[in-house]
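In the text below, chain A, chain B and the rest are named by the order of the sequence lines, each starting its count at 1.
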Amino acid sequence: MSEQQEPLFDLTLTEDQQLMRETVSRFATSEMREKSRAADEAGEAPEGFYERALELGFNMVQIPEDLGGMGAERSPISNMLLAEDLAVGDMSLAIGALSALSFVNTVLDQGSEAQKKKWLPRFAEEDVHQATIAMMEPQARFDSTDLKTTAKKDGDGYVIDGVKAMVPVAASSEVMLVVATLDGEPAAFFVEAGASGLAIEKQDHMGLRPLELCTVKLEGVKVGADAKLGEKLDLVRMLDLGKIGISALAVGTCQAVLDYVKEYCNERVAFGEPITYRQSVAFMIADIAIELEGMRLLTYRAAARAEQGLDFHEHAYRAHLQAAEKGMKIGTDGVQLLGGHGFIREHMVELWYRNLRAIGILSGCVTV
Amino acid sequence: MSEQQEPLFDLTLTEDQQLMRETVSRFATSEMREKSRAADEAGEAPEGFYERALELGFNMVQIPEDLGGMGAERSPISNMLLAEDLAVGDMSLAIGALSALSFVNTVLDQGSEAQKKKWLPRFAEEDVHQATIAMMEPQARFDSTDLKTTAKKDGDGYVIDGVKAMVPVAASSEVMLVVATLDGEPAAFFVEAGASGLAIEKQDHMGLRPLELCTVKLEGVKVGADAKLGEKLDLVRMLDLGKIGISALAVGTCQAVLDYVKEYCNERVAFGEPITYRQSVAFMIADIAIELEGMRLLTYRAAARAEQGLDFHEHAYRAHLQAAEKGMKIGTDGVQLLGGHGFIREHMVELWYRNLRAIGILSGCVTV
Amino acid sequence: MINLELPPKLEAARQGSRGLAEQLFRPISRKYDKQEHDYPEELRVLGGPRKAKTAEQIKEEQALRELAKAQEAKDEGKVKNGNNVQGIVSVTEMCRGDVGLMLSVPGVGLGNAAISAVATPEQKARFGHCYASMAITEPSTGSDSANISTTAVLDGDEWVINGEKIFITAGERCDHVVVWATLDKSMGKAAIKSFVVPRDAPGCELVGLEDKLGLRASDTATIRFDNCRVPKDNILGSPEVDAKKGFGGVMQTFDNTRPTVAAMALGVARASLDLTTEILKKEGVKADYAKDMWHSSAIEAELYRMEAEWDAARLLTMKAAFMSDNKEPNSMEASMCKAKAGRMGNYVTLRCVELCQAMGYSETELLEKWARDSKILDIFEGTQQIQLLIVARRLLGLSSAQLK
Amino acid sequence: MINLELPPKLEAARQGSRGLAEQLFRPISRKYDKQEHDYPEELRVLGGPRKAKTAEQIKEEQALRELAKAQEAKDEGKVKNGNNVQGIVSVTEMCRGDVGLMLSVPGVGLGNAAISAVATPEQKARFGHCYASMAITEPSTGSDSANISTTAVLDGDEWVINGEKIFITAGERCDHVVVWATLDKSMGKAAIKSFVVPRDAPGCELVGLEDKLGLRASDTATIRFDNCRVPKDNILGSPEVDAKKGFGGVMQTFDNTRPTVAAMALGVARASLDLTTEILKKEGVKADYAKDMWHSSAIEAELYRMEAEWDAARLLTMKAAFMSDNKEPNSMEASMCKAKAGRMGNYVTLRCVELCQAMGYSETELLEKWARDSKILDIFEGTQQIQLLIVARRLLGLSSAQLK
């Protein structure tokens with residue numbers, strides 16, 4: 001093009017993004033949705049799931065070429081679309097599949113060159129390497145600006161104490177980034193599996209059951225001088241990238257709800273007609289569509305700003321706020337629309353109800 | 001009765017209450033509702049309204065016999081029912097008609113014997129004597145626990161400085177109770193009309209236009225030693241009795257909305273049928289009825305507890321919270337149900353919309 | 001005389017139910033949420049199979065009823081707090097313990113409510129000791145309870161019942177099922193009657209149990225009736241099809257069961273609110289009503305909102321029960337309280353999980369379970385939408401043909 | 001390439017509208033709220049009666065259009081931010097000043113939108129300079145815009161129009177009215193056509209002006225057409241009644257006007273939010289997104305909620321306009337944004353009054369006025385309920401006979 005077009009308000013995807021979405025959507029249907037119910041009942045991912053997810057190749061895309069990756073530019077938009085599309089299949093499995101990528105994203109974003117060299121190459125390999133981020137804590141009033149987990153200088157390195165909650169795939173992770181307070185400031189530390197003083201226990205929750213959420217106890221866990229991520233952790237940025245990711249999960253899951261109830265309610269007959277002929281049913285579905293699209297656009301905007309290098313703190317905040325509130329409303333309306341059948345574990349809506357309750361709670365586990 | 005029946009959960013009115021309600025309801029229709037629109041446009045009460053309201057006699061009922069009244073026991077329930085029934089007619093006029101009674105109630109509740117003797121007899125007379133309570137202040141974050149109006153000891157008496165907002169019928173009141181901070185504690189003072197340093201200005205608002213709400217400025221207003229209400233003001237109790245009164249206004253106004261939209265929507269035809277045949281219309285009306293009844297019962301409960309001498313702080317709080325929230329929802333749904341016609345000042349719903357917005361704002365002006 | 005406090009005489013009942021909830025239900029709540037489909041053996045102490053009454057017992061009961069009637073006549077015109085108000089209080093307290101376990105107490109089924117509402121004295125004597133579940137819904141009918149396909153045909157001295165019923169609470173554990181069936185589908189609602197069927201009658205077959213989002217301690221069964229025969233006088237109410245009276249007969253139990261379900265929602269939401277308040281208090285959150293809502297913290301304001309919603313729902317429920325106790329028609333109020341309590345329960349329990357964050361979402365506390373249990377309470381015995389339909393029709397004077 | 005920021009080229013338009021809003025509208029906002037029915041003389045600087053175009057002007061414009069067309073062909077396949085997106089931005093900013101005054105700017109009527117949407121080039125030349133209002137609603141039809149009784153009968157070379165129209169925005173101030181009338185009521189929607197009627201045509205009579213809750217700066221008229229005659233070619237679109245095409249013709253203007261009304265709601269709500277934030281800031285309330293919502297104060301949390309609702313509504317509106325600019329069918333999205341923005345505007349403006357207490361409720365500030373103005377934006381150009389109906393029908397593939 002001879003004339004550079006100025007940036008426009010634009011909702012169209014690039015061709016690459018379109019292709020990626022198609023691939024991911026196929027995967028989300030066959031490898032996730034169809035196995036979602038069984039995985040929920042089993043409380044674990046389907047056999048071989050993470051291997052097959054790895055084949056989609058998203059972990060390696062943004063890893064520099066000299067570390068074995070494809071060296072693509074960091075793209076919060078692409079990462080967000082990935083989270084949305086995987087969540088249409090199953091939110092638990094989506095988080096599990098994105099856990100290592102979130103680790104990679106954070107290291108790319110805030111890690112030192114040495115840390116990138118040390119930690120990233122394995123995620124460009126053909127074998128599954130799991131990693132995770134330990135952000136949340138078990139107290140009811142968890143406050144990311146006032147972490148109870150502490151790190152102290154200890155000789156050359158650090159010693160970490162505290163309890164982390166709802167850490168995805170912790171038991172199978174080779175490494176986790178543990179966020180803690182160091183001298184009153186937040187910092188993140190690489191803690192390797194098997195570290196002395198580290199205890200990981202699977203904990204069941206209302207939903208996200210195949211994700212194997214864990215409680216992670218750290219009692220005097222010692223790490224080296226090079227285990228502190230980057231120079232000074234920008235925790236707000238890390239959490240905001242996480243808010244975008246978590247909002248995208250809500251968008252995907254709510255899309256699944258919308259598609260499901262549209263079909264079900266159009267087919268379900270009561271009082272002699274499909275129940276969608278009743279305004280109370282039809283309007284509830286219309287509202288799902290409206291609020292879903294609203295939260296989607298908020299999420300897209302925050303991601304696009306992040307990608308453009310613009311400030312996106314407020315935008316991620318608002319996206320997550322709406323995703324939590326409207327997402328849960330959509331979750332409960334999904335069950336309501338199926339009536340008694342919605343309460344039965346034969347239909348998917350009850351599973352989405354349980355998973356969507358996590359949106360307002362999760363913090364930092366899926367970063368774009 | 002030989003056997004004293006133990007107190008039961010009971011929603012029935014006494015015979016006296018029933019008779020009173022019938023009388024008040026007739027008055028509310030003929031003297032209030034029918035003149036409501038004209039009064040709103042004029043920004044003042046109909047000619048002779050306060051005289052006719054006085055004939056209902058409620059001001060004098062609880063004034064001791066030796067002060068010229070009927071000496072009935074203080075009854076927050078009866079006062080609450082009165083507020084509800086008058087508000088069905090018109091909320092502004094109801095507040096105006098109850099302003100002197102609120103003053104009387106507060107003096108009965110917290111005044112010294114001397115103060116009762118001094119201030120109450122005139123309200124048992126046949127002529128209109130207006131009085132009011134100046135509680136609110138003009139700042140956006142008005143906080144009853146942190147009043148900006150101050151009183152200071154000044155010789156034998158006190159000197160008062162500050163600005164009070166939304167004071168009902170202030171310009172025609174012979175006396176007002178001004179709530180202010182004295183040595184860090186709340187206190188109320190009798191301030192007589194015409195006191196030096198007292199400036200009263202009518203201020204227009206979104207609604208409550210016939211009420212003649214005023215801004216009251218006090219610049220070094222001096223009052224005597226006997227002008228401080230009682231020994232130690234129980235401001236929380238005073239405010240709570242006010243919350244009950246204000247919630248009752250919401251109940252009455254919302255009842256007016258419900259009655260109006262039921263009739264209008266059943267008659268209004270669109271798409272070939274009355275619009276109540278549509279679930280979105282019918283369910284909105286059903287919700288009005290449900291939330292209205294909920295707030296009514298909360299209000300009744302708080303009043304009944306006050307009457308029985310039980311603690312009623314939380315109960316009044318919850319009643320007012322629901323009255324503010326659901327009352328405004330009912331106000332806006334009332335307009336919505338009439339569509340474009342609801343926006344026109346030919347129908348009553350727009351007036352109720354404006355008045356109901358005051359419920360969450362008003363404080364202390366109608367105490368039971 | 002307006003008074004919205006519990007009478008002292010009900011305080012004892014409340015405390016009793018509370019004790020049951022805290023000592024018997026709560027400790028095994030998580031266990032039977034996990035062990036779905038296992039009968040909570042710990043509940044057997046509450047009943048066990050009751051024996052049929054002897055002639056003497058029936059006589060005694062008759063005498064007691066006469067006495068009660070006499071007292072009632074004496075109390076004519078006086079306000080009453082009877083079984084309905086007491087039921088709300090007890091059910092709320094028990095469900096504060098565990099709603100699924102409350103529904104699993106042996107001998108207390110929704111069918112029992114139907115029997116005591118419409119049975120003849122003779123039938124009450126025969127079926128009063130039963131543990132009866134209620135079978136209304138069919139695979140293809142949800143809210144549309146008038147549109148059922150299960151048939152009952154009189155053949156000599158027996159009714160022959162055919163059809164399939166789903167969503168039968170305690171359908172496995174009960175000893176009798178009250179079944180809705182039509183005598184003649186072409187005659188519509190008026191032809192729908194209810195029948196008492198022994199669970200072990202030939203042709204009454206348990207097809208399966210549902211896996212559910214919540215309420216897992218309680219079994220939800222599918223039962224097929226295949227030429228299932230019951231004696232002629234197992235029909236509840238008249239066998240005549242009276243097109244004028246219509247549906248009233250079978251529907252009138254809803255006036256009692258809907259406030260009961262509302263009470264369940266009150267109990268579950270109360271459990272969530274109490275635990276949340278306790279947890280948050282330990283972390284320094286005081287919701288002590290010291291400041292107006294807009295001068296409070298966001299979390300305090302939300303606690304105030306939830307408490308107000310809860311109390312409004314509770315008072316609406318008490319009102320519906322109070323009307324029933326005092327023989328006032330309460331169909332609209334029964335639906336009003338069910339609508340309000342159903343949505344309140346869902347909102348409160350879900351919000352409590354959110355407010356307690358990881359502690360709310362984890363199985364270490366019961367908050368997450370209550371958020372699963374609460375959902376059905378906005379659905380069964382008529383969804384939110386059905387309740388609004390009923391309220392609107394009564395309020396606006398519309399028929400079911402006008403407001404569909 | 002996903003980007004949801006305003007392009008720099010629209011920033012200028014935004015600033016221009018903002019200047020107009022702040023310098024011209026805002027200072028006279030209260031005045032014309034008080035002086036209902038008085039024309040805001042201060043607005044005359046913006047237009048005054050436009051003259052009919054000369055043949056030369058028309059030629060020039062034609063040339064410009066050709067040029068634009070050529071550019072468009074060149075840009076084929078490229079994404080556009082055109083009149084619709086720009087309109088949203090401008091209208092939002094102007095209504096942040098005053099929505100009633102925006103609707104009183106001479107020469108810009110809702111009828112103009114209809115003319116530019118469906119008029120022939122010849123008609124555009126004749127009516128393009130008009131100040132046209134839109135007359136759809138009748139006393140007995142509200143949301144049911146298909147059910148109109150005003151008739152148009154062809155008599156020789158003229159249409160004869162009879163009927164009464166209400167709720168005509170700028171009906172007094174305009175110089176032309178676009179009137180919906182039926183050619184044959186028995187043929188239903190397909191027979192409804194729109195006609196351009198000069199306000200001074202004989203038989204076109206102003207019956208009265210409405211006193212309103214808000215939007216008082218803008219006149220809302222009732223006009224009676226009594227054997228009102230207009231030339232044959234004043235009909236917009238084809239005079240044929242095509243039952244297949246049906247209602248589309250007259251209805252398609254809604255796809256453009258609904259996002260415009262959504263933008264009005266955005267503007268009014270933005271005004272409320274900005275002023276409220278400013279007022280509260282002075283009293284120490286900082287809504288700076290420093291803490292998560294449940295760790296904030298109640299008032300901060302509410303500001304966050306309102307901002308999120310506002311932004312969601314804004315993006316939905318931008319999307320609908322963006323689709324229109326890029327020739328994608330947007331009826332559903334137009335209704336979605338109108339539904340969301342309508343309710344958001346009402347919620348936000350009412351809440352802002354509450355949060356600012358006496359200052360919010362008093363006429364000393366404009367907050368109370370905005371809470372009055374906002375209400376109509378959830379009603380006109382189709383109520384909240386009508387929008388949901390349209391969204392639901394499109395989403396579920398239902399006809400208006402199926403989902404009524």
Side-chain angles (χ1 to χ4, degrees), chain B residues 37 41 136-143 163-167 203-209 213 215 268-273 275 277-281 284 324-325 328-329 331-333 335-347 349-351 353-354 356-363, chain D residues 34 36 137 139-147 166-167 210-216 220 276 279-280 282-285 299 342-343 346-347 349-351 353-365 367-369 371-372 374-376 378-380 382-386 388-389 400 404:
Chain B
R37 170 60 66 197
E41 295 288 337
M136 298 179 59
E137 297 178 349
Q139 63 273 19
R141 295 279 282 155
F142 168 66
D143 179 353
V163 184
K164 291 288 177 180
M166 293 181 74
V167 186
Q203 173 60 48
D204 283 338
H205 291 78
M206 182 179 184
L208 303 180
R209 303 178 78 88
L213 288 168
T215 300
R268 176 87 187 161
V269 171
F271 303 101
E273 293 172 336
I275 61 173
Y277 289 16
R278 299 284 167 269
Q279 285 192 343
S280 63
V281 169
M284 206 186 276
E325 193 65 26
M328 190 63 247
K329 171 132 185 20
T332 180
D333 284 351
V335 176
Q336 192 73 26
L337 283 162
L338 269 74
H341 297 275
F343 199 67
I344 306 296
R345 296 211 299 283
E346 188 188 315
H347 290 281
V349 283
E350 69 81 30
L351 189 152
Y353 172 92
R354 290 186 282 116
L356 282 166
R357 181 59 296 174
I359 295 296
I361 294 170
L362 289 173
S363 186
Chain D
K34 290 268 188 201
E36 200 173 10
T137 313
S140 60
T141 62
S143 297
D144 185 7
S145 19
N147 179 34
I166 60 173
F167 299 163
E210 301 289 0
D211 296 335
K212 302 192 298 293
L213 167 59
L215 214 73
R216 294 183 183 168
T220 302
T276 298
I279 287 172
L280 293 175
K282 281 186 200 147
E283 302 204 12
V285 176
I299 206 161
R343 63 200 190 199
N346 210 207
Y347 152 63
T349 56
L350 282 170
R351 185 66 90 204
V353 169
E354 184 180 6
L355 294 186
C356 293
Q357 303 281 91
M359 201 178 270
Y361 201 65
S362 155
E363 286 190 4
T364 50
E365 300 292 340
L367 290 166
E368 66 83 26
K369 177 179 130 57
R372 289 185 284 110
S374 71
K375 185 68 234 184
I376 194 63
D378 200 23
I379 295 174
F380 70 11
T383 61
Q384 177 71 217
Q385 289 66 36
I386 290 292
L388 293 179
L389 206 53
S400 58
K404 285 191 268 200

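Minimum interatomic distance between B/R357 and D/L350 (heavy atoms only, all atoms of both residues): NH1-O, 3.0 Å. Taking every heavy atom of both residues into account, B/R354 and D/Y361 meet most closely at O-OH, 2.7 Å. For the residue pair B/Y353 and D/S374, the shortest heavy atom distance occurs at OH-OG, 4.1 Å.
Put simply, OG1 on D/T364 and CG on B/D204 are 10.5 Å apart, with the number rounded to the nearest 0.5 Å. Summarising the geometry, atom NE2 belonging to B/H341 is positioned 8.0 Å from atom OG1 belonging to D/T137; distances are rounded to the nearest 0.5 Å. Between the CZ atom in B/F343 and the CZ atom in D/F380 there is a gap of 8.0 Å [rounded to 0.5 Å]. Taken from CD in D/E354 to CD1 in B/I359, the straight-line distance is 11.0 Å, to the nearest 0.5 Å. Between the NZ atom in B/K329 and the CG atom in D/N346 there is a gap of 10.0 Å [rounded to 0.5 Å].
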Practice prompt. Give the intermediate values and the outcome of side-chain contact (heavy atoms from CB on, under 4.5 Å) for residues D/Y347 and B/T332.
Written response: CA-CA 9 Å; D/Y347 152 63; B/T332 180; over 6 Å; no

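Highest contact tally toward chain D, considering only B/T215, B/V335, B/L213, B/L351, is held by B/V335 [criterion: heavy-atom pairs under 4.5 Å]. Heavy-atom pairs under 4.5 Å with chain D peak, among B/H205, B/M136, B/E137, B/M166, at B/H205. With chain B as the partner, the residue from D/I299, D/T220, D/L367 showing the most heavy-atom pairs under 4.5 Å is D/I299. In terms of heavy-atom pairs under 4.5 angstrom with chain B, the leader among D/I379, D/L388, D/I279, D/L389 is D/I379. Interface remark: of the candidates D/K375, D/E368, D/R372, D/K375 forms the most heavy-atom pairs closer than 4.5 Å to chain B. Among D/D378, D/L355, D/N147, the residue with the largest count of heavy-atom pairs under 4.5 Å with chain B is D/D378. Ranked by heavy-atom pairs under 4.5 Å with chain B, the first of D/S362, D/A358, D/G360 is D/S362.
Using a 4.5 Å cut-off between heavy atoms, B/A165 touches chain D through its side chain atoms alone. Heavy-atom distances place both the backbone and the side chain of D/I376 under 4.5 Å from chain B. Looking at D/E365, there are no atoms closer than 4.5 Å to chain B (heavy atoms on both sides), in backbone or side chain. Heavy-atom distances place both the backbone and the side chain of B/Q336 under 4.5 Å from chain D. If you measure heavy-atom distances from B/Q139 to chain D, the contacts under 4.5 Å come from both the backbone and the side chain. Both the backbone and the side chain of B/L208 come within contact range of chain D, each with at least one heavy atom under 4.5 Å from a heavy atom of that chain. For B/Y277, no part lies under 4.5 angstrom from a heavy atom of chain D. Only the side chain of D/R216 comes within less than 4.5 Å of a heavy atom of chain B; its backbone N, CA, C and O stay farther away.
No side-chain donor from either of B/S280 and D/Q385 sits under 3.5 Å from a side-chain acceptor of the other.
A heavy-atom distance below 4.5 Å is not found between the side chains of D/L213 and B/V349.
Just one of D/E283, D/M359, D/Q357, D/K282 meets the side-chain contact (heavy atoms from CB on, under 4.5 Å) condition when paired with B/R141; it is D/E283.
Under 4.0 Å is where a charged nitrogen must lie from a carboxylate oxygen, and between D/K212 and B/E346 no such pair does.
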